[in-house]
Enquirer: 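The structure is given below, and queries will be raised subsequently.
Whatever order the structure lists them in is the order used to number ligands and atoms, beginning at 1. Start at 1 with the first residue, then count along the sequence.
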Amino acid sequence: MATETAPLFSKAGEKDVTRAIVGEFARQFEEYVESDVLIAGAGPSGLMCGKLLAERDYKVLIVERNNYLGGGFWIGGYLMNKVTVREPADKVLDELGVPHKKVSEGLHVADGPHACSKLIAAACDAGVKFANLTTVDDVVLREGGRVAGLVINWTPVRSMPREITCVDPIALESRVVVDATGHDASVCRTLADRGLLELPGCAPMWVERSEDAVVEHTGEIRPGLIVIGMAVSTVFGLPRMGPTFGAMLLSGQRGAQAALAQLDQG
Ligand code: 48H
């Protein structure tokens, strides 16, 4: 006769698991309805920016339309998962503890999954929270054209045919909004669609020009709205840089400095 052994796991059952998920999600969501900083997009620039702001104890929520975080940072280019950075951005890899190799003068290569997972972990460790599978639909616009929040909806709702979904979005408020949505510049596009901003799109590839220009142009473009990463190229018509990520990391840093200049004023 088989003897019953003592269970290895606790007695927590299905209802407990469900309550844990629903309760914690609702508690956190309610807390972040009003954040210090809302960042649209969890690519390398958004993660870097969020990490630095959360390290300064600001309440940061990153809204990401995909289920996974990291944007283009998992894959280097052409479906090959090696990411490159040009100096001096190798210092950021050092700070994140990402192993990398100098392959030619001023150029370093790292494993995409390693670099991306370390950056995500660093943002989480700093206290950044995420709303994934959530798409930015619009902005909250207040007096003087100040961007004061993001209008969001579940990505699955937005991907269903309109005939069978009629679900209004909801809004989150913040002191600062950051557009880190890459090529799409989704937040800026909501202004462009209304004729409030020009959106020329990025220019052809020229890596030696592009990375410096992206970092230089990173900053506040409308009251309350900071643009970082590849979205900067889209907004200012700057050349693209191809599959190299140094400017994304340094633009994230510069965007955080621009946000701090406002947040620290109180
Ligand atoms: C919620 C959204 C929405 C939306 C988009 O593309 P990313 O990796 O962006 P960056 O700027 O941090 O890095 C750009 C880099 O990956 C790249 O593409 C380079 C260097 N290209 C050079 C070249 O020459 O092509 O991440 C943006 C994130 C993604 O995860 C999107 O899913 C997300 O933003 N996103 N999230 N609501 N409306 N739109």
Enquirer: Using modelled atom types and a 3.5 Å cut-off, is there a donor and acceptor pairing between side-chain atoms of D179 and backbone atoms of T181?
Expert: yes
Enquirer: Would you kindly say whether H100 and D94 are connected by a side-chain donor-acceptor distance under 3.5 Å?
Expert: yes
Enquirer: Please list all pairs meeting salt bridge (charged side-chain N to carboxylate O under 4.0 Å, His left out) that have one or both residues in residues 10-21, counting only residues at least two apart or in different chains.
Expert: none
Enquirer: Which donor-acceptor pairs under 3.5 Å do the side chains of residues 222-243 make with protein atoms, sequence neighbours left out?
Expert:
residue : atom : partner : partner atom : Å
R222    : NH2  : L196    : O            : 2.8
T234    : OG1  : H183    : O            : 2.9

Enquirer: What does the 4.0 Å heavy-atom contact list look like for ligand 1?
Expert: G41, A42, G43, P44, S45, V63, E64, R65, N66, G71, G72, T134, T135, V136, A180, T181, G182, H183, S186, G229, M230, R240, M241, G242, T244, F245, M248
Enquirer: Sequence neighbours left out, what passes side-chain hydrogen bond (donor to acceptor under 3.5 Å, both in side chains) with Q262? Give chain and number order.
Expert: E220
Enquirer: Taking atom CZ of R146 as the centre, does the number of heavy atoms from other residues, nucleotides or ligands within less than 6.0 Å exceed 12?
Expert: yes
